[in-house]
Enquirer: 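One structure follows; several queries about it will come next.
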Amino acid sequence: MSTATTLSSPRRGDTHLWSRTLIPTTREAPADAETPSHILLSRAGFIRKVAAGVYDYLPLAWRTLKKVSNIIREEMDAAGASELFMPVFVPMEFYNETKRHEAYGPLLFQVEDRKGNKAALGPTHEETITELVKGSITSYKQLPLNLYQIQTKFRDEARPRAGLLRCREFIMKDAYSFHLEVEGKGGLNEAYDAMYRAYVNSFKRCGLDFTVVEAESGPIGGSASHEFMVNCDSGEDTILKCPSSGYAANVEKCEIGARPAPSKGYFVGDPSGPLEEVHTPNCPGIEDVCKLLKVKPQHMLKSVLFKVNSTPDQLDKYGQEYILAVVRGDHDVNEGKVKALSQCTDISLADPAEAIKAGFAIGFVSPRAAVGKKGVLLLVDRDAALSFDDAAGKSKFWVTGGDKKDYHVKHFNWQRDLGKDPLGANAQGDNKGGLRGGDNYLIVGDVRNALAGDPSPRAAGSTLVAARGIEVGHIFKLGTKYSDAMGLSVLDHDQKKRSVIMGCYGIGVSRTMAACVEMSHDADGIIWPAPIAPYHVLITLMKPDNADHMALATKLSAELASAGADVLIDDRDERPGVKFKDADLIGIPIRLTIGDKALAENAVEFKARKTPGKGELVAITAATQRCLAALA
RNA sequence: CAGGGUGUAGCUCAGCUUGGUAGAGCGUCUGGUUUGGGUCCAGAAGGCCGGAGGUUCAAAUCCUCUCACCCUGACCA
C-alpha cells in the first residue's frame, strides 16, 4: 500500500447480497412492454411502471444510472463545465419573454400552488439558467461560462412509449454555455467543440456503439446542431451516412448530392396518354390508391399542403397563404427543406377542414390545385418534376389527385395539365401565384427526405446508406435567442452592450440506459458493458447455506471490492436453473460460480456474460485477477 | 389530437356472445422431494372484476357516463 497522502481514497467497490436488495425478476414481462429494453429492464427488475411514461428506478437501474451520470460528470468537468442543481419547479413568469410555454403547448406539465400561481415542471431549463446568469454576472470578464445539471425533466408527451425511451418523466444532463463571441478563445464554437468531444468521450466510456449526425436545431432555434445516436435497428430515428466522406445526418436534415438534370429538362415530355379520371372511393392513402389502380407509389405524385403562419399584418395584406409541396408517392416531404426553399420559416401542415374550405380537396390534391390561386406557392421536387423518364426512355406515367373527393387522375402530364410552360407560367396572367404578393409561384428543388441510395452531398460518386438510431445526446448553438428575449447582456471591452451568446447541450441519461439495452442484449437478457453495469461481478452460490462456500464468496468479493469492482452475491436459496436464468437476465458482465464441481479442483467457474456457452474453471487463487483482467 | 384496442389475483390471461355473486398458469407461503440451466407432489393465502350510475329478483357479463392504460398515425430541444 502506498503511504502517499491523497485527498480522497481510491474507490472501493460495493458488495451486496441479492437476498438483501430488491431485484424482482419475472418470467414474463408486462403486457404493454414491446421493445427489448422495456421488456428486459422490466423482467430483470430494473424498472417498474408507475403511470404512463413514469417509472420507478429500482436498485439495479439506479446503480447503472449513477454510473452513466458519473462518467458524464467527469467528462463535463474535464471539459470545463461546472455542475449545479436547479429546481424542477419553473415559475410561469419565466416564459413571459421567451413564450416557450406556447411553443411547448400541452407538452408542458403545469402545476398551481395554493395561491393560484402557476408553474411548470421543467421540460428543460434555458429560462431558469438565463435568469440565474442574468442576475449573477456583471462583466464580460466572467465569460465564458458552462454550467450543467443532472436532473429529472418533465414533458407531458402525447404518447409516451417504449418504456424508458420516451417518457414523461426522465433523467437528463443539460448544460448551458455563455459567451461574448462565437469565434475564438472563449467563444461559443470553442465550447461547442469541447462539448462535442466530451460527448464522444462519455458515450465511448459507456461502451456504446454510436454515430454523430448533423441535425435540425428544431423549435429551440439556433444554428448548428449535432445528435448522438446509439446505433440500433429498433431506433426511432433514421440516419443517413456517406461511407466515403463520413458525412452523417438525421433524415430530417440530410442533404442530397447533385443529380443529373433530366435530359429534356424539367416538365418537358409528351403525355403518356389522355388524362383519365378514376373513381377511387375509400382511398385515403397513397398505398390504397396504388392497390386499387395497380400502380406503384413511384408513379404517384403526392401533394402536401402547408399553411403559412402569418402575422395579423401580413394576413391583412396577403390573406391566408399556402405552400403546396409535390413529391413522388414513394418519397416523404421534408418540412425543413420546404421552409428553406420557400423562405418561409413559420409553416405548419394545413388543417384539413380549413384547407377544404380554401378549395383544396385534401387527400386528392394534385399540383393543378395551385394553379391560378393567389397566395399559393408550388414547390416541386426534382424527382417529381419530370415528364420524360430518361431511365425508361419513355414518357413518364403519373397518377395524381383528381382535386375532388374520391377521384384520382391517370396520365397526368405537367405541361398539358398545368400550363404550356410550367416553369415560365408565372409570366401568364391567369397563373399568377406566389407568396407575399410576389409572382414566383413555382420552384423546382429538393423538397423530400433523403433516402438510402441517394447521391452523397459530400463525395461525388458515393451513395448514402441508411441506418436507425436512438438519440441520446443533442448539442445546439443557440446564439442569442434566449439572451435577447430575456435581456441577458454584458458590457464588452468597448463598453458596448452585447447580448450573451449561448449554447445548450443535452444527454438523456435514463434513455441512454435503455438505448444501451436495445443495443446490447440477447435472447436470455441484458448484456451490460462493464463501465455502466450495475455490478461488475456476480458470484453465484450453488449452495448458499454451505458456510465454506459463503466464506469463499466473501473472500473473493472483498478482493474484488478492494480493487474497485462492484460485486453482487447471489445467496438466494433457489435452484441453479433459476439463478443462472436470472444471472443472464440482469446481465452482469462476469459470473463466478461457486459449487462443488469446481471446488473439487480448487477452482471456481468463470463466465463472461457476452461469451456464449459454458464457463471455464479458474483456480481460486487466480479468480480475482481473471475478473479484473476481463473488466479492464 | 384522430382511429383502433384493453382494464378480472403480484404477473400473463380465460370467463362476458346466451346475466345466477370468480377461474387457470406463473409467482408467493407451508410441508415433503429434488439439487449445475426457470424440479416434482400435496396444501394454503390472495380479487369491491378500473370507477360511477342505470336495467334486473339477480350484473364481471346488458346499457349510459367516466377514468386509466396500450397500439397506429399526427406530434416531438
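Lettering of chains follows the sequences in order, A, B, ..., and the numbering in each one begins at 1. Note that the structure is predicted; figures quoted are calculated from it, not measured.
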Enquirer: Given the C1' atoms of G54(B) and C71(B), what is the spacing between them in whole Å?
Expert: 32 Å
Enquirer: Would you tabulate the pairs of protein nitrogen or oxygen atoms and nucleotide nitrogen or oxygen atoms of nucleotides 44-47 of chain B closer than 3.5 angstrom?
Expert:
none

Enquirer: In whole angstroms, how far is the C1' atom of G27(B) from the NZ atom of K581(A)?
Expert: 17 Å
Enquirer: Without decimals, in angstroms, what is the distance between R161(A) CZ and G73(B) C1'?
Expert: 9 Å
Enquirer: To the nearest Å, how far apart are I470(A) CD1 and C76(B) P?
Expert: 20 Å
Enquirer: Distance between the C1' atoms of A45(B) and G53(B), in whole angstroms?
Expert: 34 Å
Enquirer: Could you report the tightest heavy-atom contact between R43(A) and L585(A), atom names first, then the distance?
Expert: O-CD2, 3.5 Å
Enquirer: Taking the same atom, P, in C11(B) and in C75(B), what whole-Å distance lies between them?
Expert: 35 Å
Enquirer: Between the protein and nucleotides 8-12 of chain B, are there any N/O to N/O pairs under 3.5 Å, and if so, what are the atom names and distances?
Expert:
unit_1	atom_1	unit_2	atom_2	d
U12(B)	OP1	A31(A)	N	2.6
U12(B)	O2'	E28(A)	OE2	3.4

Enquirer: CZ of R575(A) versus P of C41(B): gap in Å, rounded?
Expert: 13 Å
Enquirer: Measure CZ/R168(A) against P/A77(B) and give the value in whole Å, please.
Expert: 18 Å
Enquirer: When the P atoms of C67(B) and G31(B) are considered, how many whole Å apart are they?
Expert: 49 Å
Enquirer: Do R626(A)'s NZ or CZ and the ring of F606(A) fall within the cation-pi criteria of under 6.0 Å and 45°?
Expert: yes
Enquirer: Could you check whether K579(A) gets within reach of a base, just the sugar-phosphate, or nothing at all, counting any heavy atom under 4.0 Å?
Expert: nothing
Enquirer: Just the rounded figure in Å: distance from C1' of U34(B) to CE of M542(A).
Expert: 15 Å
Enquirer: Tell me whether the count of non-hydrogen atoms from other residues, nucleotides or ligands lying under 6.0 Å of CG in D233(A) goes above 12.
Expert: no
Enquirer: So for R100(A) and A77(B), does any side-chain atom that can act as donor or acceptor lie under 3.5 Å from a complementary atom in the base?
Expert: no
Enquirer: Please find out if less than 6.0 Å separates the ring center of Y196(A) from that of H226(A).
Expert: yes
Enquirer: Any donor-acceptor pair, under 3.5 Å, between the side chain of R159(A) and the base of G4(B), if you only look at N and O atoms?
Expert: no
Enquirer: Of G53(A) and T593(A), whose nearest nucleotide on RNA chain B comes first from the 5' end?
Expert: T593(A)
Enquirer: Taking the P atom of each, how far is U18(B) from U28(B), in whole Å?
Expert: 41 Å
Enquirer: Please check if the number of heavy atoms outside K134(A) that lie under 6.0 Å from its NZ is greater than 12.
Expert: yes
Enquirer: Contact class for T540(A) vs. all strands (heavy atom < 4.0 Å): base, sugar-phosphate, or nothing?
Expert: nothing
Enquirer: NZ of K49(A) versus C1' of G7(B): gap in Å, rounded?
Expert: 11 Å
Enquirer: Quantified in whole Å, what is the P atom distance between nucleotide A22(B) and nucleotide A9(B)?
Expert: 14 Å
Enquirer: Between the side-chain atoms of R43(A) and the base atoms of G38(B), is any donor-acceptor pair under 3.5 Å?
Expert: yes
Enquirer: Rounding to an integer number of Å, can you tell me how far R166(A) CZ sits from U72(B) C1'?
Expert: 15 Å
Enquirer: Has the side chain of Y104(A) got a donor or acceptor atom sitting under 3.5 Å from an opposite partner on the base of A77(B)?
Expert: yes
Enquirer: Is NZ or CZ of K153(A) both nearer than 6.0 Å to the six-membered ring centre of F170(A) and within 45° of the ring axis?
Expert: no
